[in-house]
Amino acid sequence: MQRQTKIRARRALQLSLFCSSVAAGSVACVSLGGCSSNTERIVTDVAQLAAQQPARVIGAHVVGRVDRDQIIELTLGLRLTDVSAVHRLIARQSDRGSADFRNFLTPTQFAATFAPSQEEYDGLAAELVRLGLTVTRKVDGRTTLSVKGPASVVETVFGTELLEYEDSTTNTSVRRVEAGASGDLIRSRFYAPGPGFSLDALNKWGHLVAQVSGLDSAAPWFPHLHMPSGTSTIPPGPASPAALPGLAEPADIRNIYNVNGALGKQGQQLSGAGETVAILGTGTPPPASDLKGFVDLYGLPDYTTHYTQVFVGGPNRDPAAAALQEEFEDVLDADMVLGTAPKANVIHVFTAANAGGLFDDGISFVINQIPQAHGVSVSFGTCERAAAFEVLQLNTLFTQAQAQGQNWFFSSGDDGTDGCQDGSNNGVLAVDWPASSPYVFGVGGTAILSGVEKAWNSGGGGQSEIFPKPDYQVGIGPYPDDGARDVPDIAALAGDPGVATYFQAMVQQAEGTSAASPIWLGIWAMLAEARGHVGLPNAHQAIYNVGPTAFRDIVGGKNTNGTTDGYIAVPGFDLATGWGVPDLIKLVGALP
Amino acid sequence: MNRLLLSLVAVASLAACNDNLGGGAYDLGPDLALPTQVTHVGIDTPACCIETTFTAPRVMYIANPTPGGSDFRGRDIATTGQLHIADAYGADFVLADGVPRNSYAFTRDGRFIYYLSKSSVDSTFALNVAPLSIGTLGALNPVTVIPRGLDNTPLARQAFFSPSGRYLIIGVFEPGIQNSPDLTVVEIESAKVVFTLPNGSFDYIENVTSADVMIYENSVASKTPGVPSVEGLYQIPLATLGAGGTPALIDTRTANYTLTSDERRVIYTKQDGTLWMFDLYDQSRLQLASGIVTFTLGPAADGPLVYVSTDYSVHVRYLIKPELLATAAGTADPWSSFTFGPDQSTLYYFDRTSTQDSVGDLYRLDLRPGHTTGTPTFIDRRVSLSDITFNNGRMRYIRNVNGRGDYGELVSSDLDGSGALTIAEGVATSSIAASNPVSPTDPTHGTSRGPVDMSQPITPPVYAEIVNTIRNDSVTSPLFDDSQPVTGSLGFSRSDGAPLIIDPSVHVGSYRFSTDGYVLVYAGDTKLDTKLKAYLGTIHLFQTLIDRNPVVPVLDGVSEIGVILDRGFFAAAPGATPSGIYFIRY
């Protein structure tokens, strides 16, 4: 009791849930100052892992070397030349007195300024070819380079041994099993590097490499069935969707947001194919049975080839009641992305704990270890004023993400103008954090009433009391001079009729901006696919530039605190639905 | 009311002996040769959740506790029960029923108690105060200070006393408000609410100086769409409240802030990443830096100030002097904590931190003149963020912490991280207790002992920690006091040598040094009581300065140990016969 300040007990983050081609997952972290390897130990614990080894090797048995001729596909993440310069540029872009004010860079310009030079990029590629690898993809931004080659060559190039592991049945840190065709539980094999790792073989080009993805096949193992402890049966088959008629199903969502007919550069129907996005959640992951039930029921492609679960800190640590809610959230997030962009590579990241884990460890992990994801969705948030102490850290990370071409989407909350979830009594207007961060997209909610999509009355929105108005919002919306960051930026379906999700072996109705944010993530994946798999530089300004023309504007409806009206959805930008809901065909045509 | 003298227990050895202090120090052996008195106080019923005071042998506790849990958002639901106050001499009074655990406290001077009780207005809790008599605890005359609006959580989670002890700053929920309490200031002596900020202002961070100047963040909390609130940092001398004092704005859109050690200046960041210094004396303001992610202050009045820039470089400077050094980009993690070594000659910080595991990779910067190269030195990986200590030119820390952050390898090294020696394996994080036993004084009050300059001789610290740590994964719901289901062997050491295992099974929260450092008290041979949701053990007294077996009074079923003052302490023993609260005098 005798302390000078109160204990800043961190709130568990609230779920925004109302109601009821990098295939391998782990990413090598290469000499970034914090990376070190500890090569002598027998790996029995996460703490003993070398930096490039996936946690799954803990307790697993080495059964041999990977076949010398097995083809390994890798993606090399390259260093930006001057990260601090990126920050300075972003600052100048928002400075009206600067010559760089609103002087946003194209991907090529971005590469020319911050990525390795073309000579270096080509030199690295040539060196990899000289060493026996095949370059499979170069990108305009020169931030990644994809290669493939026989395991023997990969081992030589990266100074490691690729080992074949078999999961141990005694691994109790996380119980992960794989469902075979017959439903039997089988143990799996995967490959992963041994403790050694080096870039010396790349000679003078080695310093360009910041990350190497694909050295192991451990992570794709995770999407399979996570059985409750002591259970050894597969849950019953899918329930009939007819049990809950009228819900917005994946085909409905793609239809209302004009996904059908949206074509890529090669004329292909956009589906997110080849594009990587991430979901950040916490607690217990969706079981394979629910994911399979969802895609089977709605005629979606097999998810197992492009959906990966990654755990930051091991299994769930939250109390059971909270964990159940979090699991439902995680299921909803996955279903919305898989339903909207059925072929996107989805990396679903789970922290072990909500408070103290989700935002700190989870966000850092995704930004630093999954840089190839051009979009990330999070359906958690908290009262903005309760988070003032952490905004600088997270905004710095979000800025780093932007510089990497990665944009974050946060649901704006399900309490209308009552972002602190205090009930309607005091009438204080508040918004959700981090949706209010000027460096992320806050995603609000809509509802379809009598066939018309309007603002959802519970959709989070309003004016930040923490952040001033970012330049991309100056002169925009009903309060162009309010001096405050306005939320949300964009919106998607969150309320009536509810979206169809598949949880605990049955179709369930879900509402909330928890649905809207991952729907947008799916849209974002397809937009990146349409651009040729590159991120969107200065994405906020780009979105605000095309807002009046490339969105389906939502007019009508308003958000409330349950008693008094908040913000009305008016023509153009508003504080209930932002610019409105996606129209993918228009967006593809309008965005750079 | 019961008062039961349970037993008089002899010590393991009655023989006096010379201790190992050297230099003519005193023989402390006979101390525990005296019989230990174990007295049951209060009612005969399971009890828990004790709060004690340094000023008198008095205790508040919960009788017949009902274990709590957590709601679907993971928020704690506190253990509740009947609140009592008792003393070591047989007095016991009931204060209220259905009181959340530890939602009660003695004021810093021990003259009052503040406690929650069920509100008569609604389902929230009321704040009450009762002055305490001097000497034997007499009948209490409580007064309700705040009739409703307090939460069912420990008082420390919703209130704090100002350093002077004159004020209690507490969050009070308006009717119908679920998450955002109002900032409320209670004057201890008058038991009056002297200041209130409505509309959920306690959501922000507050700080009070020793001179009772409150620094706090707040906003106008707009209720009109289109009229935004603007968060700001304010100051108000609490002593002026009765004379019409009003808050003064320091700055707007602030993020974090802290006070210099002399409490003269407020160092704060703004949401735009700038770092500022505000002088509370002359009310002047100075920008110190920009592009800040996080910062910390050293223990001196002028810092040093350490901050991390947006490129994750580390910068060190004194407040009003030029920068001392700057590291390369990408050096620190945005979630790093910082620790200054002895004499502020070294700065320790972390990269690759994990907040949920409370670990990171430990690095060091040399701040000595002529050594400030700005090049960090890697020390160790997966080091506990909260277990770095220093002693006699060396440091101790826990490395290779396991995946859940429960335990690791305790090592001792030179200040630069070299010469690391493993002290013990499986040491529980945050379990290290240290004490510097005070210098023995001449029992005859003669002048032949002790330094002539009357300074306190520095005695080496003694340590206690949990080793061979085990987490009980079968415990899936919170224990009665929210502690972790982590146990292990209790290790004790007087130096950097391997700890002496003095008990095979002790819960992480069940040991404590006496305030004079002479005795380590712990509940040994502990076992989990699933009904009480508590680890229960047998009380042990271990002398820290001589080598003797522990004294074991006849008291088992102990779950908690209160502060140990003047050779006496309270313990909650819900598993004892009779069950309840005990006072142990040794």
Side-chain angles (χ1 to χ4, degrees), chain A residues 1-9 12 14 32-34 36 45-47 83-84 87 173 313-314 318-322 325 351-357 360-361 383 385-386 388-389 391-393 396-397 399 420-423 425-429 463 465-468 479 482-484 566-567, chain B residues 70-75 105 108 155-157 160-161 163 174-180 199-200 203-208 217 219 221-223 225-226 228-231 255-256 269 271 273 292-294 310-311 329-331 334-335 351-352 354-357 361 381-382 400-404 476:
Chain A
M1 275 305 298
Q2 298 183 351
R3 59 181 61 249
Q4 197 168 359
T5 57
K6 72 183 176 191
I7 293 175
R8 173 51 70 185
Q14 300 152 2
L32 292 173
S36 63
D45 195 309
V46 170
V83 175
S84 60
H87 292 285
S173 62
D318 288 335
Q325 291 285 321
T351 57
N354 183 330
D360 300 6
D361 295 356
C383 169
R385 63 176 59 173
F389 67 99
V391 299
L392 286 182
Q393 284 96 327
T396 300
L397 286 165
T399 306
C420 293
Q421 295 189 322
D422 281 320
N425 290 37
N426 70 356
V428 174
L429 304 171
Q463 297 160 298
E465 61 186 65
I466 301 277
F467 300 107
Y479 309 108
D482 62 359
Y567 300 92
Chain B
S70 62
D71 68 8
F72 73 94
R73 283 186 178 145
R75 295 182 298 199
R108 304 191 80 158
L155 199 56
R157 294 191 187 172
F160 64 96
F161 287 107
E174 290 181 46
I177 299 302
Q178 299 162 15
N179 286 316
S180 303
N199 299 321
D203 264 347
Y204 286 113
I205 299 173
E206 304 80 26
N207 199 319
V208 181
E217 291 173 311
S219 81
S222 170
K223 301 180 181 181
S229 303
V230 177
E231 175 269 346
N256 261 331
T269 48
Q271 306 297 353
I292 301 301
V293 180
T294 184
T310 51
D311 63 357
T331 303
W335 305 112
D351 198 2
R352 297 178 69 197
S354 167
T355 303
Q356 61 186 354
D357 294 341
D361 292 347
R381 67 186 296 258
R382 283 193 72 85
N400 293 328
V401 173
N402 76 326
R404 186 159 183 167
T476 55

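Reckoned from all heavy atoms, side chains included, excluding hydrogens, waters and symmetry mates. To find a chain, count down the sequence lines: A is the first, B the second, and so on, and within it residues start at 1. Here the structure is a predicted model, which is why all the values come from computation and not from measurement.
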A.B. asks: To check you understand the geometry: which heavy-atom pair defines the closest contact between A:R385 and B:S219, and what is its length?
C.D. replies: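 Heavy atoms of A:R385 and B:S219 come nearest at NH2-OG, 3.9 Å.
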
A.B. asks: Nearest 0.5 angstrom please: B:N199 CG to A:L429 CG, how far?
C.D. replies: 10.0 Å

A.B. asks: Which answer fits A:D482, side chain, backbone, both or neither, if we ask what part of it has an atom under 4.5 Å from a heavy atom of chain B?
C.D. replies: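 Answer is both: backbone and side chain atoms of A:D482 are under 4.5 Å from chain B.
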
A.B. asks: Can you measure from CD1 (B:I177) to CD (A:Q421) and round to the nearest 0.5 angstrom?
C.D. replies: 12.0 Å

A.B. asks: Determine whether a donor-acceptor pair (N or O, by modelled atom type, separation under 3.5 Å) exists between the side chain of A:D360 and the backbone of B:T355.
C.D. replies: no

A.B. asks: State, to 0.1 Å, how close A:A388 and B:Q271 come at their nearest heavy-atom pair, and which atoms those are.
C.D. replies: O-NE2, 4.1 Å

A.B. asks: Once you round to the nearest 0.5 Å, how far does CD of A:E465 lie from OG of B:S222?
C.D. replies: 9.0 Å

A.B. asks: Of the backbone (N, CA, C, O) and the side chain (C-beta and beyond), which part of A:Y567 lies under 4.5 Å from a heavy atom of chain B, both, or neither?
C.D. replies: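 Just the side chain, heavy atoms under 4.5 Å.
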
A.B. asks: How far does CG of A:D422 sit from CG of B:N179, to the nearest 0.5 angstrom?
C.D. replies: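 Result: 5.5 Å between the selected atoms.
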
A.B. asks: Working to the nearest 0.5 Å, report the span between CG of B:D357 and OG1 of A:T351.
C.D. replies: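 Atom-to-atom, B:D357:CG and A:T351:OG1 are 10.5 Å apart.
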
A.B. asks: Which value, rounded to the nearest 0.5 Å, describes the distance between B:I292 atom CD1 and A:T396 atom OG1?
C.D. replies: 9.5 Å

A.B. asks: Would you say B:Q356's side chain and A:A352's backbone share a donor-acceptor pair under 3.5 angstrom?
C.D. replies: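 Here the side-chain-to-backbone pair exists.
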
